Protein chains: 2
Amino acid sequence: MHTIEDIIRRMSSQGLRITDQRKTLAKLFSETQGYLAPKEVYEYMGKSYTGLSFDTVYRNLRVMEELGVLEQVIFEDGGKFKLHCRELDHHHHMICLQCGKTYPITFCPMEQTNVPDDFQVVKHKFEVFGYCKACVQEESAASGV
Amino acid sequence: MHTIEDIIRRMSSQGLRITDQRKTLAKLFSETQGYLAPKEVYEYMGKSYTGLSFDTVYRNLRVMEELGVLEQVIFEDGGKFKLHCRELDHHHHMICLQCGKTYPITFCPMEQTNVPDDFQVVKHKFEVFGYCKACVQEESAASGV
DNA sequence: CTGAGTGCAAATCGTTTGCATGACC
DNA sequence: GGTCATGCAAACGATTTGCACTCAG
C-alpha cells in the first residue's frame, strides 16, 4: 500500500529532507484517489501554511514525480498528479469527469491489437472517461423531480 | 478525401473568407499525415509570408478546429493539430514519436472492455506510441556502422 | 554547521485579446 | 464599402528560475 509512511520513507531514502510541507503532501496524496491539479494542491496546502508559495508546490510535485512517487497526466485543462500505481500489475483507468477519481481496468488492449511488425511500440494509453456511480446519482438527485 | 479544395469549400460555405494564409493552411494540412504544433505551422507559413504573426496562426487553427476541419490533441509538450478524421469509421491511432505521423488502428478496445454498469461512459482514448518504419530505419542507419 | 528547501519576484513559454489597418466578396 | 482578417503589442495563465534566507539532518 501507499501509506503516508511509505511515501515519506521513499523520499527520505532518496536523500530528500522531510519538511512539514512534504509530510502534508504525502498525506494528501495517500488519501486522494483521483487526479489533483497543482492549483488544487496549492489550495489544500494553503489551509495549513499561511506563507505558502506556488513555486514550492510545483517544485515538490516535480520532485515527487521524478522520484516515482507521483505520476503526471496531461488533460485538456492542464497537467494533474496522482499517486503512482504499482508497476507490478499493469492496468488502465476509468476516470470520472466530475470528481476525478480513477478506477482500474485490468484489461489491456495491447494484447488484442494487431500492430504491424515495422512499428516499434514504446508505450500506449487507454483511458475511459465518464461519470462514476456516486456522481451519476448526485446528478440525477439534483435534476430529478 | 480531404483535398485542399474540400477544405476550402468547407470554410467558404461556413462564411469564412478565403485568404492566402488559409489556402496555405489548407494545403499544409491536406499534405500532412501527422500532428503539427502551432509553432511548426507558424514556421511553415513563415516561408511564404514575411510579416506573419503568431496570433493569426492560432486564430486560424482555432477557427478551423471549431469548424470541424481540424482536430486538436493535447500531448505532453502541448496541443497539436491534424486533419479531422471522418467520424464514419471510428478508429484509433498509432503515433510516431519521431515524425508525428499517425496510422489508423481499426480495433477498438471498448468492445472488449468490461465496464461496470454504474459507470456512465462518455468517451475513451486509445493511443499507441512508438516509431514508424521510416524513422526506425533512419535511426539504425545513423547509428549503425 | 552545511546544503537542501522555501518564499519572493521576475523571467519564460504558450496562448489569447484589443485595437487600428488592410483585404475579401 | 462593409465586414472579416491580419499584424502589432500587450495581457494572460501556467510553470520555471535566480537569489537570499531558513531549517532539517
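No experiment lies behind these values; they were computed from the predicted model shown. Because only heavy atoms are used, hydrogens play no part in the values below, and waters and symmetry mates are left out as well, while side chains stay in.
Under the 3.5 Å distance criterion, with hydrogens and angles disregarded, a donor-acceptor pair is assigned to the side chains of A:T24 and A:Y49.
DNA chain D is contacted by A:D55, A:Y58, A:R59 of residues 43-60 of chain A, taking any non-hydrogen atom closer than 4.0 Å.
If B:P38 and A:R17 are placed on DNA chain C by their nearest nucleotide, the residue sitting closer to the 5' end is A:R17.
First and last contacting nucleotides of DNA chain D toward chain A (any atom under 4.0 angstrom from a heavy atom, 5' to 3' order): D:dA14 to D:dG25.
Every ring pair (Phe, Tyr, Trp, His ring centres under 6.0 Å) that B:Y35 has, sequence neighbours left out, goes to B:F75.
The pair A:R62-A:E66 meets the salt-bridge criterion, since a charged nitrogen lies less than 4.0 angstrom from a carboxylate oxygen. Of the charged side-chain nitrogens involved, none lies within less than 4.0 Å of a carboxylate oxygen, so that A:E5 and A:K27 do not count as a salt-bridged pair.
Between B:H124 and B:H92, the ring center distance clears the sub-6.0 Å criterion.
Rounded to an integer number of Å, the gap from A:Q21 CD to C:dA4 P is 18 Å. Between the NZ atom of A:K23 and the P atom of C:dG5 there is a distance of 14 Å, rounded to whole Å. Between the CG atom of A:L16 and the P atom of C:dA4 there is a distance of 10 Å, rounded to whole Å. Atom CD of B:E40 is separated from atom P of C:dG14 by 12 Å (rounded to the nearest Å). Distance B:Y42 OH to C:dC13 P: 15 Å, rounded to the nearest Å. The distance from atom NZ of B:K39 to atom C1' of C:dG14 is 9 Å, rounded to the nearest whole Å.
Linking ILVMFWY residues whenever their side-chain heavy atoms come closer than 4.5 Å, directly or via other members, places A:F81 and A:L67 in the same cluster.
If you take SG on B:C135 and CG on A:D118, they are separated by 11.5 Å, rounding to the nearest 0.5 Å.
Nearest approach of A:G100 to A:I95, heavy atoms of both residues: O-CG2, 4.4 Å.
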